[in-house]
Amino acid sequence: MTRARVLHAQLHLLDRQVVHDRDGRLVCKVDDLELDFDDQGRPYVTAILMGPLALGPRMGGVLGRLMEGAARLLGAQAPPRIPMADVSRVASAVHVGGDLERPALERWVRTRLIEPIPGARHEAE
Amino acid sequence: MRKAWPAVLAGVLVVAGCSSPAWNDRDYELKAASSAEAVGSTVEVVRLAVGGDGRLTRPYLKVLLTNAAEQVQGVNDQFGGVQPPTERAEQLGEQLLKVTEQAEKVVSGLLMEVRRDRVKDPSGAVRELAQLGESLRRFQDDHE
Amino acid sequence: MRLSDLLGSPVRDSSGEVVGQVADVRLVQDGPLLRQVQHAFRVAGLIVVARHTGRLFGYERGPAIKGPWLVKVLVRALHHNTRYVPWEQVDRIDGADILLRVPKRDLAHVSDLYSERIS
Amino acid sequence: MKKFLGITLGILTAIGGFVDIGDLVANALVGSRFGMSLAWVVLLGVVGICVFAEMSGRIAAVSGRAVFDLVRERLGPRAGLANLGASFFILVMTVAAEIGGAALALELATGLNYLLCVPAVAFAAWLVMWRVRFETLERVFGLAGLALVIFVVALWQLGPDWGQLWHQASHPAPPQDEGVPTYLYYAIALLGGAMTPYEVFFFSSGGVEEKWTRRDLSVSRANVLIGFPLGGLLSLAIAACAATVLLPAHVQVDSLDQMVLPVALGAGQVGLGLVILGVFAATFGATLEVALSSGYSLSQYFGWQWGKFVRPREAARFHATILVVMVVATALILTTIDPIMVTEYSLVFSAAALPLTYLPVLMIANDRDYMQDKVNGIFSNTLGTIFMILLVAVSIAAIPLMLATKAGQ
């Protein structure tokens, strides 16, 4: 058996770009990681967390609270998560598979602001 | 149309610390010297442009003269607004304003000519501007 | 729990003396199976810095980042007594503090992680 | 020809750095006050930006990550946010100034008040960013900006005293009537202009837009080695023209119309036409470069989908950022603040933020996890370290010098 892969969480995972495998779409940053304990009481990584509710607490201070508060005001309750089982490769970016819902802000900006402008659905010329 | 410009320039000069009240003679003298420098710089630009009249387009010359006229006017308003602390300073200020107000008149006169058609007597204007520039520079050198 | 709950937490040894704070968490991919396809990344240990300020920028990993020389020397000098604490040496997490079951002098230096591997 | 078109990204990037509206006037001002005695700063700036742009281009080609990805990844969310805040503020101010600059160029061509041109310029720039392909954009405005080569021609026609220009350039000290702090202040402004962070934001993101891979490393290098020295050459030619015509007349340049005067005197009406075209193309190109950079940096910090390689609806937050920046910048410039003042201040502020951008680039260019076998060699690392020390010194000195000299008065 090959030696198990070793990563440093802060250095190799946190704040890296998350890229979708299928179409190369940029998804988010690794804003935080979710941990759980196995049956021997040792923590392991279960999911990537994203969005203001994950980044805000890490940022701390007034700005962090502001970020969290704004997200909660808009109806978010928990940060969106990507299960680690969907992670296919960790390199200069974290590659993930599976079906992902687009973030609320992206959807809102898209339908309210960008799509009404002519040409939003076309390739550039 | 460009009424805002002198105000902007004045604002900039305030920020740059030029329009604070003059505390003493020396301070006033330095303000006079830097005003002479600013007007002198503009006068020389106009001299070069008018001297090369045949090579410049009219819209360009018009823009250049408009900006120059506003600049000189701005400096004059600015310096004229500073209270001279003593009588000696007052004389100095009047001496300078005589030259800079002359410069303002010449530049705006040239602007009128260009707006109408073109500079009527380029070589005469160049001579006059050169004289103004010379006396402003001498003033600056004497009082810096 | 989140990873950020561990990062920056103060670490105390068995006698209650402050060792430093968590700068990074070492993960090894030998945890429980996730959806029967791959192993989870398990927390293998903590990298603990004595100093409150500054990041390690990856210069604790011997072979992966070598230069530039001056930056490496500066970062290493700033964090010269950085320690590695295997998870087995962690006793419990008490509020924000992480308590160890060994005394400070028994802790390994972070550079041992890599000298070990080379031999 | 195709090979030549491949380097327009470097040319456009360099134009935005060396001859955008603030630098056009700053170079002429420096030439008219200090002659060529600050030429060494431009040369230093060319070397510096080449070193770091090469690294960021190489990182983009090998790993697909652009500069602000690296800033967030290596500095973490807090220091990254500090850099983002400072950079974004500077970017918005600079977009405003560039729009103003392009409008001023139109004013010089038509005599129409520049404020009337501002909305049209801003709308045209936004439309280009919304609809035009990245390659087309970079080619059209990169090449049109080359009209500024007329400064080199004009310098020739002015028949300057080359010996004296050389004498000034080879004696790097302030002239008699200028103080050392003022001299250093302008040195920092020129270096800040040459090495503005948005050049590497734009250059590395542009590499990703063009889908560079390892095979394009030589393209990236050619872009760097041709584009930036060309920008430096233009900037020196502008200073030399001013030193030839305006320095002897004791003129201190402070506006665009004064800055193009030497060309008009040296190369006549055709020259005047070309220089106005060049100034317009350079400032319009810089508008695009800076506005896109604002979208790139914000999106890369938060991990949003960005880029013109996808349809606008796929990168909604990126395009929304650009739209908002353009609206705010237009409103700002319509308040009649002087665009040239704006960039001169922002140059100095950006000088203060330089290390926060270039340090992560230098670190990641050494990281084998990113670069595999393409990590920095001794040459890049030595130069990179020297410039890092220099930039730290500059960033500490920038703001005190600005206050001490009342912004170079």
Side-chain angles (χ1 to χ4, degrees), chain C residues 1-11 20-29 41 44-80 82 84 96 110-111 113-118, chain D residues 47-48 51-52 54-56 58-59 62-63 65 67 69-83 354-393 395-396:
Chain C
M1 190 166 79
R2 292 184 187 177
L3 184 79
S4 56
D5 297 335
L6 290 177
L7 292 176
S9 301
V11 178
Q21 60 165 345
V22 180
D24 209 337
V25 174
R26 189 175 165 88
L27 303 173
V28 178
Q29 196 168 19
F41 281 100
L46 309 172
I47 293 169
V48 181
V49 292
R51 207 177 279 265
H52 179 68
T53 52
R55 295 165 71 95
L56 290 162
F57 299 110
Y59 286 94
E60 77 280 11
R61 290 171 306 147
I65 303 188
K66 288 214 174 88
W69 178 83
L70 185 67
V71 180
K72 183 172 84 173
V73 169
L74 280 178
V75 174
R76 289 214 174 144
L78 221 54
H79 296 291
H80 58 106
T82 301
Y84 178 66
V110 74
S111 59
L113 272 177
Y114 290 93
S115 46
E116 218 171 23
R117 173 163 300 181
I118 292 162
Chain D
V47 176
V51 169
F52 286 103
E54 191 276 330
M55 285 183 214
S56 69
R58 179 152 41 91
I59 295 170
V62 173
S63 73
R65 301 272 72 79
V67 165
D69 282 327
L70 315 179
V71 170
R72 160 94 189 256
E73 199 264 302
R74 202 92 334 174
L75 296 183
R78 280 157 157 278
L81 189 74
N83 188 354
L354 285 173
L356 278 184
T357 299
Y358 290 120
L359 183 63
V361 173
L362 182 61
M363 283 173 165
I364 289 195
N366 277 289
D367 189 337
R368 282 181 190 278
D369 293 338
Y370 271 80
M371 306 299 292
Q372 290 135 30
D373 56 325
K374 298 293 181 193
V375 288
N376 272 359
I378 279 197
F379 182 70
S380 294
N381 268 344
T382 312
L383 278 178
T385 308
I386 294 172
F387 272 97
M388 230 29 249
I389 297 169
L390 182 70
L391 292 179
V392 169
S395 71
I396 294 168

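Just so it is clear, the model here is predicted, and its values are computed rather than measured. Throughout, a chain's letter reflects where its sequence line sits, starting with A, and its residues are numbered from 1.
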Residues of residues 356-363 of chain D within contact distance of chain C, non-hydrogen under 4.5 Å |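 Interface residues of residues 356-363 of chain D: L362(D), M363(D).
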Do any of residues 376-386 of chain D come closer than 4.5 Å to chain C, heavy atom to heavy atom, and if so which ones, in number order?
->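 Within residues 376-386 of chain D, the residues under 4.5 Å from chain C are N381(D), T385(D).
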Qualifying salt bridge (charged side-chain N to carboxylate O under 4.0 Å, His left out) pairs, either residue in residues 372-393 of chain D, two or more places apart =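 Pairs touching residues 372-393 of chain D that pass the test: R214(D)-D373(D).
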With sequence neighbours left out, write down each residue that passes salt bridge (charged side-chain N to carboxylate O under 4.0 Å, His left out) with R2(C), or none if nothing qualifies.
->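 With sequence neighbours excluded, R2(C) shows a salt bridge (charged side-chain N to carboxylate O under 4.0 Å, His left out) to no residue whatsoever.
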Apply the test side-chain contact (heavy atoms from CB on, under 4.5 Å) to residues N366(D) and V71(C): give CA-CA distance (whole Å), side-chain angles for both, the deciding distance (0.1 Å), then the verdict.
-> CA-CA 11 Å; N366(D) 277 289; V71(C) 180; over 6 Å; no
